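None of the values given here were measured: they were computed from a predicted structure. FYI, the numbering just counts along the sequence from 1.
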Amino acid sequence: MLARASAWRLRTFSALRHPSYRRYWFSQLLSLVGSWMQTTAQQYLVLELSGGSSAALGYVTVTQFLPSLLLSLFAGAVVDRVPRRRVLLTTQTTLMLTAAVLAVTTHLGVVSLPLVMGLAFVSGTANAFDMPARQSMVVDFVPRSDVPNAVALNSLSFNVSRTIGQALFGVVAALGVSLLAGGNADNLARLALPFYLNVASFFVVLFVIATLPFPLREHATRGSVLEDIREGLAYVRATPAVRNVMLLVGALSLTIINFNIIIPYYARVVFGAREAAFGALSAAFGVGAMAGALWQASKPNPVRNLRVGALLLIGSTLLLAFTPGALLATPVLAACGFGMLSLLVSANSTVQLSIPDQLRGRVMSLYSFVLVGMGPPGALISSSLISKQGPLGPRWGLVALVLLGSSSVVLLWSRLPRRLTPPTPQSVPAD
């Protein structure tokens with residue numbers, strides 16, 4: 001048993017044996033804890049400012065993800081042209097500044113929904129460039145054989161930080177009552193403390209990015225930005241394995257994968273939870289997602305779990321629609337997180353291993369487009385369907401989202417890849 005456990009550990013965390021990737025991974029883990037505390041605090045802040053409106057939560061989500069919808073393709077061309085270090089330093093600095101403004105305005109009691117939406121748009125613009133840059137840099141620090149493991153470990157850090165950050169939110173908000181709100185549990189200033197801690201966490205990741213030994217690019221882009229975008233689109237269109245995986249991710253992002261709307265609305269409005277229970281429910285989802293990422297990290301072939309992840313995600317979300325209270329929702333949300341990450345890690349790894357390096361930024365920006373760019377319309381759809389004021393209500397509205405997502409899985413089931421197809425870097429399909 002000890003030998004098997006040791007073999008599993010070495011297999012599951014194999015990418016961390018590369019020093020540069022290990023430094024980046026731990027710095028991101030710390031920074032993302034702060035980011036998830038801020039995300040959870042922002043969701044709760046919006047609900048407080050709006051009197052528990054799912055529409056307001058949806059509008060802020062739309063504002064935050066709209067830049068990814070509009071700029072992802074352009075961002076991919078930029079990532080393939082500009083040194084990734086420069087891109088990441090710029091985006092991370094911008095995200096740090098938006099967190100600082102949100103912290104100060106919340107602390108002073110002058111924060112408002114329009115301000116939150118404006119800051120969400122700025123941070124969303126930074127993330128439109130940051131996400132493809134970070135996803136593309138995996139191949140800079142690990143060999144091809146460790147790419148699936150590195151992708152899974154990236155998702156693991158994302159969800160470990162989600163679990164820790166969202167669980168800490170309740171504790172930090174309680175500390176904020178005494179440290180920033182003068183003991184008044186209803187004063188919004190208590191929510192500023194998570195924002196301040198997030199600002200502090202950015203300094204670590206900025207230092208690591210500034211000192212990492214990024215390798216020189218072998219493929220320099222020479223054409224116009226529009227030609228670069230056209231080339232990336234043509235490759236995806238002519239490569240069924242990549243195209244169909246992206247269609248699946250986009251369809252589910254438009255429907256079921258809107259837990260940034262579903263979890264806070266169910267916690268605050270449907271279950272009537274306060275900060276601590278809200279953080280616990282969000283953390284339960286993160287624990288399940290972390291388990292899904294760990295499971296994927298130990299699997300050498302990411303394609304096998306595309307269908308399994310989709311089915312687990314659909315089944316657990318359907319169960320959530322009929323869960324009566326917050327206590328029973330905890331394991332259900334963990335199952336939702338497990339299914340979602342099993343699907344997304346498998347999809348990301350399949351795409352990463354199917355594309356040539358010279359197109360990586362552009363193709364991964366398109367992946368970000370279908371995953372994150374579907375956030376604005378997905379937020380509007382989900383917030384409308386699950387609203388108490390809607391025609392279906394929270395529970396049957398969630399059932400409707402599940403049915404919409406299930407139809408896309410049925411349509412794409414036979415077209416999803418069953419084995420990896422290595423890229424052919426010497427040629428790129430013409431338009």
Where do Val204 and Phe207 land on the side chain to side chain contact (heavy atoms under 4.5 Å, CB included) test, with the steps shown first?
CA-CA 5 Å; Val204 175; Phe207 172 77; 6.0 Å; no

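- Side chain of Ser346 to main chain of Leu343: no donor-acceptor pair is present (N/O by atom type, distance under 3.5 Å, no hydrogens or angles).
- Inter-residue side-chain proximity for Gln64 and Gln42 is flagged as met; some heavy-atom pair is nearer than 4.5 Å.
- Note that CG of Asn198 and OG of Ser31 are 6.5 Å apart. Values are rounded to the nearest 0.5 Å.
- Under a 3.5 Å cut-off, the side chain of Thr317 and the backbone N or O of Ile314 do not form any donor-acceptor pair.
- For the pair Leu306/Arg418, no side-chain contact is recorded, criterion being any heavy-atom separation below 4.5 Å from C-beta on.
- The environment of CZ in Phe203 is sparse: at most 12 heavy-atom neighbours from other residues, nucleotides or ligands sit within 6.0 Å.
- Arg415 CZ: 12 or fewer foreign heavy atoms inside a 6.0 Å radius.
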Leu371 and Leu344: side chain to side chain contact (heavy atoms under 4.5 Å, CB included), yes or no, with the steps?
CA-CA 9 Å; Leu371 177 60; Leu344 293 182; 3.9 Å; yes

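- Nearest heavy atom pair, residue Arg243 against residue Val236, reads CB-O, 3.3 Å.
- With 3.5 Å as the limit, one finds a donor-acceptor pair spanning the side chains of Asp130 and Thr91.
- Val79 has its side chain within reach of Arg84: a pair of non-hydrogen atoms, C-beta onward, lies under 4.5 Å apart.
- Atoms CG and CG, from Leu313 and Leu311 in turn, are 9.5 Å apart once rounded to the nearest 0.5 Å.
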Start with the C-alpha gap between Tyr24 and Asn154, add the side-chain angles, then the distance that decides, and say whether side-chain hydrogen bond (donor to acceptor under 3.5 Å, both in side chains) holds.
CA-CA 10 Å; Tyr24 172 75; Asn154 280 353; 5.9 Å; no

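- For Tyr59, the OH atom is loosely surrounded, since the number of other residues' heavy atoms within 6.0 Å does not exceed 12.
- Using a 4.5 Å heavy-atom cutoff, the side chains of Met117 and Phe121 are not in contact.
- Taking the six-membered ring wherever Trp is involved, the centroid distance between the rings of Phe285 and Phe259 falls below 6.0 Å.
- Residues Ile164 and Trp36 fail the side-chain proximity criterion, which asks for heavy atoms closer than 4.5 Å.
- Leu49 contributes atom CG, which lies 11.5 Å from atom CG of Leu57 (distance to the nearest 0.5 angstrom).
- In this structure the side chain of Trp25 never reaches within 4.5 angstrom of the side chain of Arg22, judged on heavy atoms.
- Under a 3.5 Å cut-off, the side chain of Thr239 and the backbone N or O of Ala241 do not form any donor-acceptor pair.
- The heavy-atom pair separating Val303 from Pro417 by the smallest distance is CG1-O, 2.9 Å.
- Here the shortest heavy-atom pairing between Thr350 and Val245 reads CG2-CG2, 4.2 Å.
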Under the side chain to side chain contact (heavy atoms under 4.5 Å, CB included) criterion, do Phe65 and Asn260 qualify, and how do the steps go?
CA-CA 12 Å; Phe65 293 131; Asn260 56 331; 3.4 Å; yes

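- Separating the CG atom in Leu320 from the CG atom in Leu328 is a distance of 11.0 Å, to the nearest 0.5 Å.
- Between His107 and Tyr196, the ring planes are perpendicular. Angles over 60° get that label, and only those under 30° would be called parallel.
- Heavy atoms of other residues, nucleotides or ligands lying less than 6.0 angstrom from CZ of Phe214 number more than 12.
- With hydrogens and angles disregarded, a donor-acceptor distance shorter than 3.5 Å links the side chain of Arg85 to the backbone of Ala210.
- Ala379 meets the side chain to side chain contact (heavy atoms under 4.5 Å, CB included) test with Thr61, Val62, Ile261; sequence neighbours excluded.
- Put simply, the side chain of Gln38 reaches to within 4.5 Å of the side chain of Phe195, judged on heavy atoms.
- When every heavy atom of Leu153 is checked against every heavy atom of Thr12, the shortest pair comes out as CD2-O, 3.6 Å.
- Side chain of Arg190 to backbone of Asn187: a donor-acceptor contact under 3.5 angstrom is found.
- Residues Asp146 and Ser14 come closest through the heavy atom pair OD1-OG, 3.3 Å.
- The distance from the CZ atom of Phe129 to the CG atom of Leu71 is 5.5 Å, given to the nearest 0.5 Å.
- Side-chain contact between Leu252 and Val409: present, with at least one pair of heavy atoms (C-beta onward) separated by less than 4.5 Å.
- In this structure a side-chain-to-backbone donor-acceptor pair under 3.5 Å is missing from Ser53 to Ser50.
- No hydrogens or angles considered: nothing links the side chains of Asn258 and Tyr265 as a donor-acceptor pair under 3.5 Å.
- When all heavy atoms of Ala192 and Leu180 are compared, the closest pair comes out as CB-CD1, 3.9 Å.
- For Asn127 (side chain) and Ser123 (main-chain N/O), a donor-acceptor pair under 3.5 Å exists by modelled atom type.
- With hydrogens and angles ignored, the 3.5 Å screen pairs a side-chain donor or acceptor of Asn149 with a backbone N or O of Ala15.
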Residues Phe338, Trp295; criterion ring pair (Phe, Tyr, Trp, His ring centres under 6.0 Å); working and verdict
CA-CA 9 Å; Phe338 185 93; Trp295 184 53; 5.5 Å; yes

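- Rounding to the nearest 0.5 angstrom, the gap separating the OG atom in Ser282 from the CG atom in Leu333 is 8.0 Å.
- Although no hydrogens or angles enter the test, the distance criterion places a donor-acceptor pair under 3.5 Å between the side chain of Thr105 and the main chain of Leu102.
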Run Met364 and Ile355 through side chain to side chain contact (heavy atoms under 4.5 Å, CB included) and show every step you take.
CA-CA 9 Å; Met364 293 314 297; Ile355 55 179; 4.0 Å; yes

Taking distance alone, no hydrogens or angles, what donor-acceptor pairs closer than 3.5 Å link side-chain atoms of residues 394-403 to residues at least two apart or in another chain?
unit_1, atom_1, unit_2, atom_2, d
Arg395, NH1, Ala321, O, 3.1
Arg395, NH1, Thr323, O, 2.7
Arg395, NH2, Thr323, O, 3.2

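- Using modelled atom types, no side-chain atom of Thr106 and backbone atom of Ala103 make a donor-acceptor pair closer than 3.5 Å.
- No side-chain donor-acceptor contact under 3.5 Å links Asn305 and Ser342.
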